[in-house]
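I have placed the structure first, in the form of structure tokens, so that the comments after it can refer back to it.
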Amino acid sequence: MDHSQAPLVDALAAYHRAGRYGFTPPAHRQGRGVDERVLDAIGRDAFRSDVLVGPGLDDRLARGGFLSEAEALMADAVGADTAFFSTCGSSLSVKAAMMAVAGGQGGGLLVARDSHKSIVAGLIFAGVRPHWITPRWDAERHFSHPPSPQQVREAWERNPDAAGALIVSPSPYGTCADIGGIAAVCHERGKPLIVDEAWGAHLPFHPALPTWAMDVGADLCVVSVHKMGAGFEQGSVFHLQGNLVDPARLSACADLLMTTSPSVLVYTALDGWRRQMVQHGRELLDAALRVADQARIELDGIPGIDVMEDELLGMEASHDLDRLQVLMDVSATGAMGYDAADWLREHRNLDMGLADHRRVLATLSMADDKDTITSLVEGMTAWRDQLKDPRPPDIRLPSPEELQLETVELPRDAFFGEVEVVPIGKAPGRIAAEQLTPYPPGIPAVVPGERLNEAVVDYLKSGHEAGMNVPDAADSRLDTVRVVRD
């Protein structure tokens, strides 16, 4: 296919040249009706390009075929059979994937327990029973790694009637699973593998990056172009190959969830990014990886800062690592990752991708260069230099065994059933009716339908007091918890 073309980009440019005017939504009419104070903040051009897909960018019957052509080009660029664009983020895309594979099936779905909260939301929406695949666990560092092929095989042996399997790779920390090995295990049983590859949109475009799911046999994968590509927030694509997932069913499931008012801004950025990566991705990512290597060297030279790499890889750890994710363990300073992230935001105007009780993450991309890395290194150095009386972490960390809560009810049944609110101190032993998710990275510590225990309750409460964000809790102070009514 001709990847010099970007049909959605070209259609939007043609729309502007033609001077079109729509007596349709959006009512701001390309910014004409917007408050000047809003235009000063957002920019007039953003509103100028916020037009209706059809009738607008295309006609009422989509006879221009701009979206379908852009999706075909995206699939061709990454070696998939089919690609679908989403303007509702990978949170929607992964739900559609789960519904297409396991919705209406009685056998449930094998799901990695280190999955994002959007996957748990998919379980609730579809009424699917999860059969959890336990991640590998580094108890010393309180850090989980993606499951191994053997762990997936054992999950299949326990649950042979499951409709498919779902894993997350890369993780928000950049750690990656052996997707090829896991796909082979699934295909031995004629079952599909879904990969939540939200952090991996860039992977097809450089050989030094971790393996792209479509290259090693995954049947369906979801990517968030806004995370590691040059798309707007909420720009997502799901890719399909093979014959284990019905594309018509997948499209129908997506349509059930998709907005009927998709954003042309988001669509167009997806299209333009695909062209950019096909034409220039190798050189752009070459430069990004060099920048990341230099950042790793300089940051690792700061006293008390350990840039994690070797300890993330190996037989009992992860299969591969995206080195654009620069994960720094700051525990040797005596402080917490929360402290570093808060200080950098307040004093250096730098926002970090992730922080936890002992780590802080800098997510790099092809947009970074020597100047941005210098600001990061200088910021981390200044944070380290100003530490006088660091606040030691006072978080009660559960063991791997304590983190594995017992699933008592379907997530959907617990979420939609009769609930009551109890003081958090009385929650152990009760069945959770809400998600409780430290964010980022957004991996639920508690899923609806799981029986709470004292260790996980203590972890969440003490973590919240130390600076952990648990945004989906009904009680933002975590004084109370929603549980299934006895």
Side-chain angles (χ1 to χ4, degrees), residues 1-20 22 26 30-31 43-90 93 197-198 200-206 212 214 221-241 251 254 258-259 261-288 365-367:
M1 299 183 73
D2 182 3
H3 284 281
S4 67
Q5 301 297 309
L8 288 167
V9 177
D10 295 342
L12 185 57
Y15 183 99
H16 291 321
R17 287 195 301 270
R20 287 194 179 278
Q30 299 178 61
R44 193 173 301 272
D45 283 345
F47 285 97
R48 181 169 174 260
S49 294
D50 182 34
V51 300
L52 200 65
V53 173
L57 189 72
D58 207 341
D59 67 20
R60 63 185 180 84
L61 297 178
R63 281 175 282 215
F66 308 129
L67 175 59
S68 58
E69 185 180 353
E71 289 175 331
L73 283 162
M74 180 68 81
D76 184 71
V78 301
D81 293 343
T82 311
F84 299 87
F85 285 6
S86 166
T87 67
C88 300
S90 290
S93 303
E197 207 163 28
H202 57 316
L203 300 185
F205 300 105
H206 199 284
W212 163 240
M214 293 283 99
C221 79
V222 172
V223 299
S224 294
V225 173
H226 61 276
K227 284 186 167 70
M228 297 300 290
F232 283 114
E233 285 290 315
Q234 296 183 214
S236 173
V237 185
F238 39 116
H239 301 282
L240 176 66
Q241 67 180 357
S251 180
M258 191 86 74
T259 176
S261 305
S263 168
V264 162
L265 283 164
V266 176
Y267 274 164
T268 304
L270 293 173
D271 189 30
W273 172 79
R274 180 268 317 156
R275 178 172 62 182
Q276 179 187 26
M277 295 311 288
V278 171
Q279 293 182 333
H280 308 294
R282 177 70 176 262
E283 62 197 79
L284 290 169
L285 290 167
D286 266 339
S365 80
M366 63 185 186

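Along the sequence shown, residues carry numbers from 1.
A 4.5 Å side-chain heavy-atom check between Val225 and Val237 finds at least one atom pair inside the cut-off. Side-chain contact check for Leu57 versus Leu52: every heavy-atom pair is 4.5 Å or farther apart. Put simply, the side chain of Phe238 reaches to within 4.5 Å of the side chain of Ser86, judged on heavy atoms. Under the 4.5 Å side-chain criterion, counting only non-hydrogen atoms from C-beta, Met277 is in contact with Leu285. A 4.5 Å side-chain heavy-atom check between Thr259 and Thr87 finds at least one atom pair inside the cut-off.
Minimum interatomic distance between Val264 and Val53 (heavy atoms only, all atoms of both residues): CG2-CG2, 3.7 Å. Ser236 approaches Leu270 most closely through the heavy-atom pair O-CD1, 3.9 Å. Nearest heavy-atom pair, Ala80 versus Met214, reported as atom, atom and distance to 0.1 Å: CB-SD, 3.8 Å. Leu203 and Glu197 get closest at one heavy-atom pair: CD1-OE2, 3.5 Å. Taking all atoms of both residues into account, the shortest heavy-atom contact from Gly79 to Gln241 is O-OE1, 3.7 Å. Closest non-hydrogen pair, Gly235 versus His226, comes out as O-ND1, 3.4 Å.
Gln279 pairs by the side-chain contact (heavy atoms from CB on, under 4.5 Å) definition with Ser4, Arg275, not counting sequence neighbours. With sequence neighbours left out, Tyr15 forms a ring pair (Phe, Tyr, Trp, His ring centres under 6.0 Å) with no residue at all.
Between the side chain of Ser68 and the main chain of Gly65, a donor-acceptor pair closer than 3.5 Å is present. Here the side chain of Asp59 pairs a donor or acceptor atom with the backbone of Ala62 at under 3.5 angstrom.
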Inset, instruction - Begin from the C-alpha positions of Val266 and Phe85 and carry the test side-chain contact (heavy atoms from CB on, under 4.5 Å) through to its verdict. - result: CA-CA 9 Å; Val266 176; Phe85 285 6; over 6 Å; no

Inset, instruction - Step by step, work out the side chain to side chain donor-acceptor pair (under 3.5 Å) result for His16 and Ser49. - result: CA-CA 8 Å; His16 291 321; Ser49 294; 3.2 Å; yes

Inset, instruction - In sequence, state the C-alpha distance, the side-chain angles, and the governing distance for Phe232 and Trp273, and then conclude on ring pair (Phe, Tyr, Trp, His ring centres under 6.0 Å). - result: CA-CA 10 Å; Phe232 283 114; Trp273 172 79; over 10 Å; no

Inset, instruction - Check the pair Asp10 / Gln5 against side-chain contact (heavy atoms from CB on, under 4.5 Å), numbers first and verdict last. - result: CA-CA 8 Å; Asp10 295 342; Gln5 301 297 309; 3.9 Å; yes

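Rounding to the nearest 0.5 Å gives a distance of 5.0 Å between OG1 of Thr268 and CG of Leu12. Within the model, atoms CE of Met366 and CE of Met228 stand 10.0 Å from one another, a figure rounded to the nearest 0.5 Å. In this structure, CD on Glu69 lies 8.5 Å from CG on Asp271, to the nearest 0.5 angstrom. Note that CG of Asp76 and OG1 of Thr82 are 11.5 Å apart. Values are rounded to the nearest 0.5 Å. The distance from the NE2 atom of His280 to the CZ atom of Phe205 is 12.5 Å, given to the nearest 0.5 Å. Atoms CE and CZ, on Met258 and Phe84 in that order, are 9.0 Å from each other to the nearest 0.5 Å.
Side-chain atoms of Ser224 and Ser90 include a donor-acceptor pair closer than 3.5 Å. Between the side chains of His239 and Asp81, no donor-acceptor pair is found at a separation under 3.5 Å. Using modelled atom types, one finds no donor on one side chain facing an acceptor on the other under 3.5 Å when comparing His202 with Ser365.
Pairs of residues two or more places apart, or lying in two chains, that qualify as ring pair (Phe, Tyr, Trp, His ring centres under 6.0 Å) and include a residue from residues 44-80 are His28-Phe47.
Between Trp212 and His206, the distance separating the two ring centers is not shorter than 6.0 angstrom.
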